[in-house]
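Below is one structure, written out as structure tokens; comments come after it.
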Amino acid sequence: AQLSEDKGIEDALKAFALLSNSNNKLVLWIVGKAKTQSYQAKIKNLVIKLRLENKIKFFGFVSEKMKFELLSKSFVLVHPSSREGWGLNVIEANSFGIPAIGYNVTGLRDSIIHMKTGVLTEKNTPVDLAKALSLVIDDEKLYQQLSKNAKEWSKNFSWDKAGEMSW
């Protein structure tokens with residue numbers, strides 16, 4: 001994946017900063033390569049400004065194998081894009097039983113079923129993103145239900161089905 005301003009990485013960092021004050025165990029993994037070196041520098045500077053240096057792990061571009069290995073060890077997918085075509089990574093995460101938290105925008109509204117396979121924010125802001133994340137992190141029963149539903153939802157999608165539907 002490519003990190004760009006429309007993918008919402010800055011909002012994810014701000015939301016994470018709000019959450020990490022009350023939960024020292026949280027670690028945010030950022031997977032993908034920044035679109036430009038200047039944007040990479042902007043992200044790294046924001047991490048320093050938010051004092052998150054010890055709570056963020058940058059992976060950069062990863063292979064498909066590594067992507068799925070990271071997903072298998074993840075708790076939740078954070079996807080605060082300001083616009084999205086579909087959200088394939090949401091379905092990929094769901095296939096591991098990982099709920100997705102995303103902004104309420106076209107594309108993510110199609111791949112995340114609110115309060116069934118994940119949570120869509122009320123407002124597309126870091127504060128609402130932090131609230132949605134906190135809800136899922138703090139409510140184990142809700143998390144288990146979202147996880148179960150996410151895994152089931154992901155079974156509705158395959159390249160074979162997509163090919164058949166496009167004919």
Side-chain angles (χ1 to χ4, degrees), residues 1-13 15-16 19 23 25-35 55-126 128-167:
Q2 191 173 68
L3 302 178
S4 57
E5 289 187 26
D6 64 328
K7 294 296 181 186
I9 188 66
E10 295 163 69
D11 283 5
L13 289 169
F16 187 76
L19 285 177
N23 189 332
K25 296 177 185 176
L26 296 177
V27 177
L28 179 64
W29 292 351
I30 299 174
V31 180
K33 184 179 180 214
K35 191 172 184 178
K55 298 178 180 192
I56 305 288
K57 175 128 173 81
F58 286 94
F59 285 90
F61 177 81
V62 299
S63 67
E64 286 288 304
K65 181 181 178 190
M66 179 65 158
K67 174 177 68 173
F68 290 116
E69 187 177 314
L70 291 171
L71 280 172
S72 74
K73 297 174 182 175
S74 298
F75 183 75
V76 68
L77 176 76
V78 180
H79 201 327
S81 286
S82 60
R83 59 188 166 96
E84 193 63 40
W86 162 241
L88 176 61
N89 63 341
V90 169
I91 304 303
E92 291 172 333
N94 288 171
S95 72
F96 286 90
I98 300 166
I101 311 298
Y103 278 172
N104 193 349
V105 298
T106 303
L108 293 180
R109 274 193 295 265
D110 301 319
S111 56
I112 300 170
I113 303 172
H114 181 61
M115 296 306 287
K116 186 168 181 187
T117 65
V119 179
L120 294 167
T121 58
E122 189 173 320
K123 296 176 188 166
N124 297 337
T125 65
D128 272 25
L129 188 63
K131 285 179 189 173
L133 281 162
S134 183
L135 177 69
V136 173
I137 291 168
D138 295 339
D139 187 335
E140 189 173 335
K141 187 176 178 183
L142 173 63
Y143 179 83
Q144 293 303 324
Q145 192 60 51
L146 292 174
S147 176
K148 179 182 171 204
N149 293 340
K151 194 164 200 148
E152 284 303 310
W153 170 243
S154 74
K155 292 176 184 176
N156 291 309
F157 304 95
S158 72
W159 286 114
D160 291 339
K161 284 183 185 177
E164 288 170 17
M165 291 174 67
S166 66
W167 286 100

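Count residues from 1 along the sequence.
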Any side-chain heavy-atom pair of Ile98 and Glu92 under 4.5 Å: no
Min side-chain heavy-atom separation Ile56-Phe16 under 4.5 Å: yes
Sidechain-backbone polar pair: Trp29 side chain, Leu71 backbone, donor-acceptor under 3.5 Å: no
CA sep, side-chain torsions, deciding dist, call: Met66, Phe59, side-chain contact (heavy atoms from CB on, under 4.5 Å): CA-CA 10 Å; Met66 179 65 158; Phe59 285 90; 4.1 Å; yes
N-O pairing of Glu69 and Lys73 below 4.0 Å: yes
Any residue meeting side-chain hydrogen bond (donor to acceptor under 3.5 Å, both in side chains) with Lys7, in chain and number order, not counting sequence neighbours: Glu84
Criterion side-chain contact (heavy atoms from CB on, under 4.5 Å) on Asp11 and Tyr103, from CA distance to verdict: CA-CA 10 Å; Asp11 283 5; Tyr103 278 172; 2.7 Å; yes
Closest contact, heavy atoms only, Phe75 versus Pro99: O-CD, 3.7 Å
From CD1 (Ile91) to CG (Asp110), nearest 0.5 Å: 10.0 Å
Within-4.5 Å side-chain heavy-atom neighbours: His114 and Val119: yes
Candidate pair Lys67 and Glu64, rule side-chain contact (heavy atoms from CB on, under 4.5 Å), full reasoning: CA-CA 5 Å; Lys67 174 177 68 173; Glu64 286 288 304; 3.2 Å; yes
Backbone N/O of Asn104 and side chain of Asn124: donor-acceptor pair under 3.5 Å: yes
Considering all heavy atoms, the nearest Ser147-Gly97 contact: OG-O, 2.5 Å
Separation of Leu28 CG from Lys57 NZ (nearest 0.5 Å): 12.5 Å
NZ (Lys151) with more than 12 external heavy atoms under 6.0 Å: no
Quiz: residues 129-138 side-chain donor-acceptor pairs under 3.5 angstrom, not counting sequence neighbours:
unit_1: Ser134; atom_1: OG; unit_2: Asp138; atom_2: OD2; d: 2.9

Minimum heavy-atom distance Lys35-Ser4, with the two atoms named: CD-CB, 4.1 Å
Side chain to side chain, Ile113 and Asn149, heavy atoms closer than 4.5 Å: no
Pair Asn94-Phe157, side-chain contact (heavy atoms from CB on, under 4.5 Å): steps then yes or no: CA-CA 11 Å; Asn94 288 171; Phe157 304 95; over 6 Å; no
Residue pair Glu152 / Lys155, side-chain heavy-atom distance below 4.5 Å: yes
Crowding at CD, Glu122 (>12 non-hydrogen neighbours, <6.0 Å): no
Test item: Ile30 and Leu13 side chains (from C-beta on) under 4.5 Å apart, heavy atoms: yes
Distance, nearest 0.5 Å, that separates CG of Leu146 from CH2 of Trp153: 14.0 Å
Side chain Ser74, main chain Leu70, donor-acceptor under 3.5 Å: yes
Spacing of CD belonging to Gln145 relative to CD belonging to Glu140, to within rounding of 0.5 Å: 13.0 Å
Considering all heavy atoms, the nearest Val90-Ala100 contact: CG1-CB, 3.8 Å
Carboxylate-amine/guanidinium proximity below 4.0 Å for Arg83 and Asp6: yes
Interatomic distance, Leu108 atom CG to Asn89 atom CG [nearest 0.5 angstrom]: 8.0 Å
